[in-house]
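One structure below.
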Amino acid sequence: MSGRVCASILHRASSYTLTLSSTVSSQYAHLVASPYSQRGPTHHSHFSSWGSSRSDQWCCSGDESGPGSQGGRYLSTRQDIDFQLSRVQINSILRTNEQVVSVPEFDGRGLSAVRKFESNQLPANTPNEDRRSAATCLQTKGMLFGVFDGHGGWACAQAVSERLLYYVAVAMMSQQSLEELERCMEHGRPVPPILQWYKHHGDFNYRDSASLYIDHLRVFWQELLDSEEHGEGMSPPEALDYAFKRLDTDISLEAQVPLSSDLMKSTAIQVAFAGSTACVAHVGTEGIHVANAGDCRAVLGVQEEDGSWSALPLSWDHNYQNQAELERLRAQHPPSERDTVVTDDRLLGVLMPLRAFGDVRFKWSRELQQSVLAGLDSGVDLDSLNLYQYTPPNYLTPPYLDVAPELTYHKLRPQDRFLILGSDGLWDELGSEEAVQLVGEHLSGIHLQAPVSPSERQLNLGQMHELLLKRRARATPALDPNAATHLIRHALGTGDYGELCQERLASMLALPEDLARMYRDDITATVVYLNSDLAKPHHS
């Protein structure tokens, strides 16, 4: 679709804004904020998570390939859309959700393994279905970072982004610290803070469900106190594993039990029937623990001795391309279902990620689903909750989905420079190596070029010209101080030679909100810069 199409409608993808209420009269004020709302499609395909790149259907040459050119199949009034966004407009859209946080090297409890982090989000859905979280553990050590990719709406990703880091942090706390929490709750005293959150002004929380979340978090630490083996608390991998599973159980139970208000009940139902993948990293002075469920991704940026950059994966996508994941899933069901558990590259032909929070549509029995939905008050409209009576095909031996995270550990080394956490919207457009290269060169300001190989010396004049264009594109100075924005800009705006293409980027950002989701996904990226001075090589 040509960037020269003239028209009157300019779309700003960041125009949908949610307001954070920062004044809540509670000792858990950092848990709560803006009221609940939701809108979105009601057909069953919104339960599936988009898994293929859309932006490759746009090109800088001005040809009219891609969905928009199919006789107006998706866009009958395409002449009425202006793709001529200015550089100022592009920057405004890309930078709306930027976040930069510098971390003190010494916070009174010890050295920090994190120097700073930079984060950004670019929505395609309205509202955005991605979420992100970042916090310092105040009762233990280390920092927690999470990226959450919602599907079937944003309700589940929102709840998980608010709650999961608390569950992890509480599980790592010692019995003595948990006893202090409980004493404060019993006597109505201020509770010692568990996390120091780093919030963007656009982040928001479920105010009306805060009391429920606090109550269940308290039940969680009470059960830990009753355990004779808790002692000094769980290790980071134990805490991550236990927190993922326990929170998903709470989400399921909250949708089944009576709650104090219709709004709280509606929220619990919607959270459970929507879904969210999650990738969470605990970064400590010794190393990085990653827990992943779904197709968000964690990648470590490593600087080699010659100054070049390499990517070290710290998670693996749980989708149809992961053969080990497919075999794990098939082994949980009878041989007769081997060909139906995953069809059309999706779980039961519907869901792209093969592990996730919520999504009780793939976990509960048919009878339980029908009972819970039938138990809603007659005045509650299922369409208004983005729900519908639908059971996936070949639903014979549930559950088909769980949230058990895959855990990895990496001991920090001097050459480990940064960690990238991203939702699948980022990885649809960039490979892990490409993303690390972009951030590494952004960090160092040096664009290393490999020597011309013997085969490249045999190129004809046209091929040599193309090679030079690619090399020149790589040496272009960065436009964004924020590395997460730098990633998003290149994810959507890279042309055929690796150059930034203004027309391509403008096309992707100017799409009206009802079309944007057809061409790209919500994108979230967080870049965590590591304090490599802590990881000195050991000499014998």
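Please read these numbers as outputs of a predicted model, since none were measured by experiment. Throughout, residue positions are numbered sequentially from 1 according to the sequence presented.
- One N or O on the side chain of N292 and one on the backbone of W316 form a donor-acceptor pair closer than 3.5 Å.
- For the residue pair Y198 / S133, no side-chain donor-acceptor distance below 3.5 Å is found, with atom types taken as modelled.
- Tested against E162 for a side chain to side chain contact (heavy atoms under 4.5 Å, CB included), the candidates F204, W197, Y213 yield a single pass: Y213.
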Checking ring pair (Phe, Tyr, Trp, His ring centres under 6.0 Å) for the pair W221/Y167: CA distance, chi angles, key distance, verdict?
CA-CA 9 Å; W221 78 55; Y167 279 63; over 10 Å; no
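- A donor-acceptor contact closer than 3.5 angstrom links the side chains of H216 and E254.
- Residues T277 and D149 bring no donor and acceptor atom of their side chains to less than 3.5 Å of each other.
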Criterion side-chain contact (heavy atoms from CB on, under 4.5 Å) on R163 and L217, from CA distance to verdict:
CA-CA 8 Å; R163 304 176 68 182; L217 184 66; over 6 Å; no
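- K411 has a carboxylate O that lies under 4.0 Å from a charged side-chain N of E286, or vice versa, which qualifies the two as a salt bridge.
- Considering CD of Q415 and CG of L412, their distance stands at 10.0 Å, rounded to 0.5 Å.
- Between D248 and K245 there is no salt bridge, since none of the side-chain N atoms of the basic residue sits less than 4.0 Å from a carboxylate O of the acidic one.
- Judged purely by distance below 3.5 Å, without hydrogens or angles, the side chains of Q99 and E118 never pair a donor atom with an acceptor atom.
- When all heavy atoms of C296 and C279 are compared, the closest pair comes out as CB-CB, 3.7 Å.
- If you take OG on S276 and CD on Q158, they are separated by 10.0 Å, rounding to the nearest 0.5 Å.
- Counting non-hydrogen atoms of neighbouring residues, nucleotides and ligands closer than 6.0 angstrom, the CZ atom of R87 reaches no more than 12 such neighbours.
- Taking CG from L247 and OH from Y166, the interatomic distance works out to 13.5 Å, rounded to the nearest 0.5 Å.
- Between the CD atom of Q196 and the SG atom of C137 there is a distance of 11.0 Å, given to the nearest 0.5 Å.
- With ring centers used as reference points, F148 lies 6.0 Å or more from W154.
- Residues L351 and L354 come closest through the heavy atom pair O-CD2, 4.4 Å.
- In this pair, F117 and F145 present their aromatic rings perpendicular. The plane angle is above 60°, beyond the 30 to 60° band.
- If you check the side chains of S177 and E180, you find no donor sitting under 3.5 Å from an acceptor.
- By the 4.0 Å N-to-carboxylate-O rule, R95 lies close enough to D480 to be salt-bridged with it.
- Taking the charged nitrogens against the carboxylate oxygens, E429 and R520 have no contact shorter than 4.0 Å, which rules out a salt bridge.
- Surrounding CD of E232 are at most 12 heavy atoms belonging to other residues, nucleotides or ligands under 6.0 Å away.
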Does the side-chain hydrogen bond (donor to acceptor under 3.5 Å, both in side chains) test come out yes or no for N91 and R489, once each step is laid out?
CA-CA 9 Å; N91 290 343; R489 185 185 295 270; 2.6 Å; yes
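- The aromatic ring centroids of F244 and F357 lie less than 6.0 Å from each other.
- A donor-acceptor contact closer than 3.5 angstrom is absent between the side chains of D317 and N322.
- With rounding to the nearest 0.5 Å, the separation of NE2 in H200 from CD in E98 is 8.0 Å.
- Residues Q121 and T524 have side chains that bring a donor and an acceptor to within less than 3.5 angstrom of each other.
- Put simply, OG1 on T126 and CG on N128 are 8.5 Å apart, with the number rounded to the nearest 0.5 Å.
- In this structure, D402 does not pair ionically with R355, as no charged nitrogen and carboxylate oxygen lie closer than 4.0 Å.
- Closest non-hydrogen pair, G301 versus V436, comes out as CA-CG1, 3.8 Å.
- Environment of CD in E304: crowded, with over 12 heavy atoms of neighbouring residues, nucleotides or ligands closer than 6.0 Å.
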Worked verdict on R132 versus S119 for side-chain hydrogen bond (donor to acceptor under 3.5 Å, both in side chains)
CA-CA 9 Å; R132 57 185 171 179; S119 185; 3.0 Å; yes
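- In this structure, P353 and L401 approach most closely via the heavy-atom pair O-CD1, 4.2 Å.
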